[in-house]
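Below is one structure, written out as structure tokens; comments come after it.
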Amino acid sequence: MTIRVIIVDDQAMGRAGFAALLSAQADIDVVGEAPDGRQGVQVSRSTHPDVVLMDVRMPEMDGLTAAREILDPPPGVVHRPKVLMLTTFDIDDYVYEALRAGASGFLLKDAPPADLIAAVRVVASGEALLAPSVTRRLIADFVQQRPAPRKDPALRLKGLTPRETEVLELIARGLSNQEIAGHLVLAEQTVKTHIGRVLAKLDLRDRAQAVIFAYEAGLVRPGDSG
């Protein structure tokens, strides 16, 4: 199955580079581009991509606002693609807010080409959350800098079984399904089942939201070792 991608970035050279790299893959088809967030929303709604590669800083409408419009569309718009944010280390607050808005993950703009290709495939498959070691540190920083005002996540944790809570904690620490299976001495398929139940019970879209939820609920705290 071909992964349909659109690229939203205000730098023409950047869009061209990403498009050339992704289009060269047999399983990825770049179906549209846009130079700003506003046009990115329009292109997304007209082309129905599986993944939107979204820069954060752009004129007209920034990537965060565009991501919110794509992920929380008005009535009548049913298509909701995955959103992969393109960022740099100096805009942590934007990345955190993007994840809370429902973005499936983020990628550093200077990441190796192979990482970009893998990121698109991972996000398209619903796995989300990229580069666990980097992600873990950054999200810990986000939560430390921007404590969530809501207290309900801790209460919602009570609906999980002890095993599901354990799995959620390991997701938040950046472990893959295979690593969680090894840590808990479970079959990988069993881990996938637990993750599915966690997401369903907590009404979360994907692993990225699960990580944010775990930090907000206090299940994992900034500075905890992985």
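Below, all heavy atoms of this structure are taken into account, side chains as well, without hydrogens, waters or symmetry copies. The structure displayed is predicted, hence computed values, not measured ones.
- Counting only distance, with no hydrogens or angles, the side chain of Glu164 and the backbone of Thr161 share a donor-acceptor pair below 3.5 Å.
- One finds the NE2 atom of His194 at 13.0 Å from the CG atom of Leu199 (value rounded to the nearest 0.5 Å).
- Under the 4.5 Å side-chain criterion, counting only non-hydrogen atoms from C-beta, Arg163 is in contact with Leu184.
- Closest approach of Leu204 to Ala210, counting heavy atoms only: CD1-CA, 3.6 Å.
- Nearest heavy atom pair, residue Ile28 against residue Val120, reads CD1-CG1, 4.1 Å.
- Taking CG from Leu168 and CZ from Arg173, the interatomic distance works out to 10.5 Å, rounded to the nearest 0.5 Å.
- Remark: side-chain polar atoms of Ser23 are not paired, donor with acceptor, to backbone N or O of Ala20 under 3.5 angstrom.
- Salt bridge annotation for Asp9-Lys109: present, with a cationic side-chain nitrogen under 4.0 angstrom from a carboxylate oxygen.
- Here the side chains of Val77 and Arg45 are in contact, with some heavy-atom distance below 4.5 Å.
- Under a 3.5 Å cut-off, the side chain of Glu69 and the backbone N or O of Thr65 do not form any donor-acceptor pair.
- Of the inter-residue distances, the one linking Ile117 atom CD1 with Leu22 atom CG reads 6.5 Å to the nearest 0.5 angstrom.
- Annotation: the span from Ile180 atom CD1 to Glu188 atom CD amounts to 9.5 Å, rounded to 0.5 Å.
- When each of Met54, Glu60, Met61 is checked for a side-chain contact (heavy atoms from CB on, under 4.5 Å) with Met58, only Met54 meets the rule.
- Considering every non-hydrogen atom in both Asp36 and Val8, the closest pair reads O-CG1, 3.4 Å.
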Test salt bridge (charged side-chain N to carboxylate O under 4.0 Å, His left out) on Arg15 and Asp10 and set out the steps.
-> CA-CA 8 Å; Arg15 293 198 308 275; Asp10 62 327; over 6 Å; no

Under the side-chain contact (heavy atoms from CB on, under 4.5 Å) rule, what do Val30 and Ile7 come out as? Steps first, then yes or no, please.
-> CA-CA 8 Å; Val30 177; Ile7 301 166; 4.0 Å; yes

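- Closest approach of Val43 and Gly32 over heavy atoms only: CG1-CA, 4.1 Å.
- Ile70 places a side-chain heavy atom less than 4.5 Å from the side chain of Val83.
- Under the 3.5 Å distance criterion, the side-chain polar atoms of Asp29 are left unmatched by any main-chain donor or acceptor of Val31.
- Scanning both residues, Leu84 and Ala119, for their nearest heavy atoms gives CD2-CB, 3.8 Å.
- The closest side-chain heavy-atom distance from Val56 to Leu86 is not below 4.5 Å.
- Counting heavy atoms from C-beta on, the side chains of Pro73 and Arg80 come closer than 4.5 Å.
- Put simply, the side chain of Ser44 never gets that close to the backbone of Gly40: no donor and acceptor are under 3.5 Å apart.
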Worked check of side-chain contact (heavy atoms from CB on, under 4.5 Å) between Val52 and Lys82 = CA-CA 6 Å; Val52 177; Lys82 304 290 187 181; over 6 Å; no

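- Using modelled atom types, one side-chain atom of Glu179 and one backbone atom of Ser176 make a donor-acceptor pair closer than 3.5 Å.
- Of all non-hydrogen atoms in Ala67 and Met85, the two that sit nearest each other are CB-SD, 4.2 Å.
- A donor-acceptor pair is defined here as one N or O able to donate and one able to accept, closer than 3.5 Å; such a pair exists between the side chain of Arg4 and the backbone of Thr47.
- Taking 4.0 Å as the cut-off between side-chain N and carboxylate O, Arg121 and Asp27 count as a salt-bridged pair.
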For side-chain contact (heavy atoms from CB on, under 4.5 Å), just list the numbers for Glu33 and Phe18, CA-CA rounded to whole Å, side-chain angles, deciding distance to a tenth of an Å, and then say yes or no.
-> CA-CA 10 Å; Glu33 300 178 19; Phe18 292 139; over 6 Å; no

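- Remark: Leu157 CG to Glu216 CD distance equals 11.0 Å, nearest 0.5 Å.
- One finds the CG atom of Leu170 at 9.0 Å from the CG atom of Leu219 (value rounded to the nearest 0.5 Å).
- For the pair His79 (side chain) and Asp50 (backbone), a donor-acceptor distance under 3.5 Å is absent.
- Residues Leu160 and Leu202 are in side-chain contact: their nearest non-hydrogen atoms beyond the backbone lie under 4.5 Å apart.
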